[in-house]
Novice: 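There's a structure below that I have some questions on.
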Amino acid sequence: LVGILDAFMDSKNVISRESWLQSCNDVVLLLQFPKYCWQVDEVFQAEVKAANYSRQTINDDLIWQVVDRQGRIVDGGTMKSLKLTNGGLTIVGEISMALSMMSSAERLTINVALKKSGYSNSYPLWVYPAPNKNVVVQEISVAEKWDETVEARLLQGAKVLLFPSDESIQAKSVAGLFPPDFWNYGMFKGISEWAKKPVSPGTLGILTDPEHPIFNDFPTDPHTNWQWWSIIKASRPLELDQTSPAYRPIVQVIDNLERNHKFGLIFEFSVGKGSLLVCTARLKEILDRPEAYQLYQSMINYMQSDDFTPDYIVAPSLLKKLL
């Protein structure tokens, strides 16, 4: 369970050799910047550094490019005639880029490379419209607990967005955990209990489908990445073991090997004549974060579109048990 190679020194295909060498090599290009999630009214700034622990001083040009999800170059430049002394860290220069060129939510990639020697690195960035604490919700009922009122609305054909409170699902959920748990959940759970320390939630990140229409306005990878940090930290993924083995949440939280529960962070059901979307992240409490606001808005846009037609049917009696 540890490392990028198996016991026979074969790749687990977690990462390509080329990507691994970007950060584990005798020369590594580095960008230092304060955050991964930005707003369109901000100016991105980063300090460029080079760690050179090779056997020689490198004289080269550094090329930087910013590309969008379609691979189009949106900005770039060259830092010429650099001298990267071996045996330490060299400050190369600064990158500055106005983000006002972005008209909608976008995932950008900053690529930096030395022209002749071939060393390179890349970093992701997410750019969002400035958050507005007033998300416009039309023809959708927003609720914070499962009750008879919500049930009645769904049976009559309503669209419901449910943010269950932490208290209402405390016994059926785990705390949100951004990094994957360490390699032995059982051992470290026991040590934490013995030392009277908090036990890690023990989960292993998220799994989702970037092509799902709920993400039309919230670019995402299939796996956890930095734009999910504040969202996951404000969540309590719900156990969905009582659903069909074939059912998959829109955003599934991967459990450890020992428990192997099915946890959902965002999921949807067809209930009676209505449609239900459940989000276990407290987005309304963190709408000052552009990524949280943008996910909320993308969810609303999805629910107001013709794409919101959940095909997994559940009875209110099951929802009462789950929620």
Side-chain angles (χ1 to χ4, degrees), residues 32-39 42 105 107 123-133 135 142-145 161-183 185 188-189 192-193 197-210 212 214-215 217-240 249-256 259 261-268 277-300 302 322-323:
Q32 184 174 345
F33 50 93
K35 57 185 178 180
Y36 285 97
C37 296
W38 296 75
Q39 298 173 195
E42 294 181 306
R107 183 198 193 277
Y123 290 82
L125 287 180
W126 290 267
V127 182
Y128 302 109
N132 181 341
K133 292 188 178 181
V135 178
V142 181
E144 295 184 355
K145 65 177 181 178
L161 174 55
L162 179 63
F163 293 99
S165 66
D166 288 357
E167 294 76 17
S168 66
I169 58 173
Q170 187 79 28
K172 313 167 189 176
S173 62
V174 292
L177 179 68
F178 182 81
D181 194 46
F182 198 45
W183 60 274
Y185 171 74
F188 288 99
K189 176 177 181 291
S192 297
E193 291 172 340
K197 300 291 184 181
V199 176
S200 167
T203 52
L204 305 172
I206 65 171
L207 176 65
T208 191
D209 178 9
H212 193 289
I214 200 172
F215 300 122
D217 300 298
F218 186 80
T220 186
D221 300 302
H223 51 77
T224 311
N225 217 326
W226 291 107
Q227 88 277 28
W228 286 96
W229 168 269
S230 62
I231 298 165
I232 291 174
K233 294 292 286 183
S235 72
R236 282 201 69 88
L238 185 69
E239 182 188 318
L240 299 174
I250 297 173
V251 179
Q252 180 166 348
V253 173
I254 306 166
D255 201 10
N256 62 68
R259 287 186 314 216
H261 289 310
K262 183 196 301 184
F263 287 116
L265 197 155
I266 301 175
F267 46 96
E268 62 185 358
L277 183 70
V278 181
C279 177
T280 65
R282 303 181 300 278
L283 297 182
K284 292 190 288 184
E285 296 180 10
I286 54 172
L287 289 181
D288 58 323
R289 304 294 295 263
E291 62 273 25
Y293 171 80
Q294 191 63 32
L295 177 58
Y296 195 171
Q297 188 63 65
S298 191
M299 288 164 50
I300 294 298
Y302 167 62
L322 293 175
L323 299 166

Novice: Between Glu167 and Arg236, does any side-chain N to carboxylate O distance fall below 4.0 Å?
Specialist: no
Novice: Just by modelled atom types, is the Ser235 backbone N or O under 3.5 Å from a matching donor or acceptor in the Thr280 side chain?
Specialist: no
Novice: Which heavy-atom pair separates Pro131 from Asp288 by the least distance, and what is that distance?
Specialist: CG-O, 3.7 Å
Novice: Can you find a heavy atom in the side chain of Val127 that is under 4.5 Å from one in the side chain of Glu42?
Specialist: no
Novice: Any side-chain to backbone donor/acceptor pair from Ser192 onto Phe188? Under 3.5 Å, distance only.
Specialist: yes
Novice: Kindly determine whether Tyr123 and Phe33 satisfy ring pair (Phe, Tyr, Trp, His ring centres under 6.0 Å), including the steps that lead there.
Specialist: CA-CA 10 Å; Tyr123 290 82; Phe33 50 93; 5.7 Å; yes
Novice: Are Glu291 and Ser230 close enough that a side-chain donor and a side-chain acceptor fall under 3.5 Å?
Specialist: yes
Novice: Please state whether the rings of Trp226 and Trp229 are parallel, tilted or perpendicular, taking 30° and 60° as the class boundaries.
Specialist: tilted
Novice: Could you work out, with side-chain contact (heavy atoms from CB on, under 4.5 Å) as the rule, every residue matching Lys284, not counting sequence neighbours?
Specialist: Val142, Glu144, Phe163, Tyr296
Novice: Out of curiosity, Lys262 NZ to Asp255 CG, how far, rounded to the nearest 0.5 Å?
Specialist: 12.5 Å
Novice: Quick one: closest heavy-atom pair of Leu162 and Lys145, and the distance?
Specialist: CD1-N, 3.5 Å
Novice: Give a yes or no on whether the backbone of Leu238 and the side-chain of Ser173 come within a donor-acceptor separation of less than 3.5 Å.
Specialist: no
Novice: Considering residues, nucleotides and ligands other than Lys35, do more than 12 of their heavy atoms fall under 6.0 Å from its NZ?
Specialist: yes
Novice: To the closest 0.5 Å, what do you measure between CE (Met299) and SG (Cys279)?
Specialist: 4.0 Å
Novice: Considering all heavy atoms of both residues, which atom of Leu177 and which atom of Ser200 are nearest to each other, and what is their separation?
Specialist: CD2-OG, 3.6 Å
Novice: So, the side chain of Gln227 versus the backbone of Pro219: is there a donor-acceptor pair under 3.5 Å, distance only?
Specialist: yes
Novice: Test side chain to side chain contact (heavy atoms under 4.5 Å, CB included) on Glu239 and Phe263 and set out the steps.
Specialist: CA-CA 5 Å; Glu239 182 188 318; Phe263 287 116; 3.9 Å; yes
Novice: Measuring only between side-chain heavy atoms, which start at C-beta, is Ile254 closer than 4.5 Å to Ile206?
Specialist: no
Novice: Work out which heavy atom in Arg259 is nearest to a heavy atom in Thr203; give both atom names and the distance.
Specialist: NH2-CG2, 4.0 Å
Novice: Do you know the tightest heavy-atom contact between Phe215 and Asp209?
Specialist: CD1-O, 3.3 Å
Novice: Is the shortest heavy-atom distance from the side chain of Ile250 to the side chain of Leu277 under 4.5 Å?
Specialist: yes
Novice: Given side chains that start at C-beta, do those of Tyr36 and Pro124 come closer than 4.5 Å, heavy atoms only?
Specialist: yes
Novice: About how many Å separate CD of Gln252 and NE2 of His261, when rounded to the nearest 0.5 Å?
Specialist: 12.5 Å
Novice: To the closest 0.5 Å, what do you measure between CG (Asp217) and CD1 (Ile300)?
Specialist: 11.5 Å
Novice: Salt-bridge test for Asp166 and Arg282: reply yes if a basic N is under 4.0 Å from a carboxylate O, no otherwise.
Specialist: yes
Novice: Please give me the minimum heavy-atom distance between Asn256 and Gly202, naming the atom from each residue.
Specialist: ND2-O, 3.0 Å
Novice: Any heavy-atom pair between the side chains of Leu204 and Val253 that's under 4.5 Å?
Specialist: no
Novice: Would you mind reporting whether Val251 and Phe267 have side-chain heavy atoms less than 4.5 Å apart?
Specialist: no
Novice: Without swapping roles, check the side chain of His212 against the backbone of Ile214 for a donor-acceptor pair under 3.5 Å.
Specialist: yes
Novice: Looking only at side chains, do Glu268 and Tyr302 share a donor and an acceptor under 3.5 Å apart?
Specialist: yes
Novice: My understanding is that only residues two or more places apart in sequence, or in another chain, count here; which of them pass side-chain contact (heavy atoms from CB on, under 4.5 Å) with Pro210?
Specialist: Thr220, Pro222
Novice: Check the orientation of Phe218 and Tyr128. Use parallel for under 30°, tilted for 30 to 60°, and perpendicular for over 60°.
Specialist: parallel
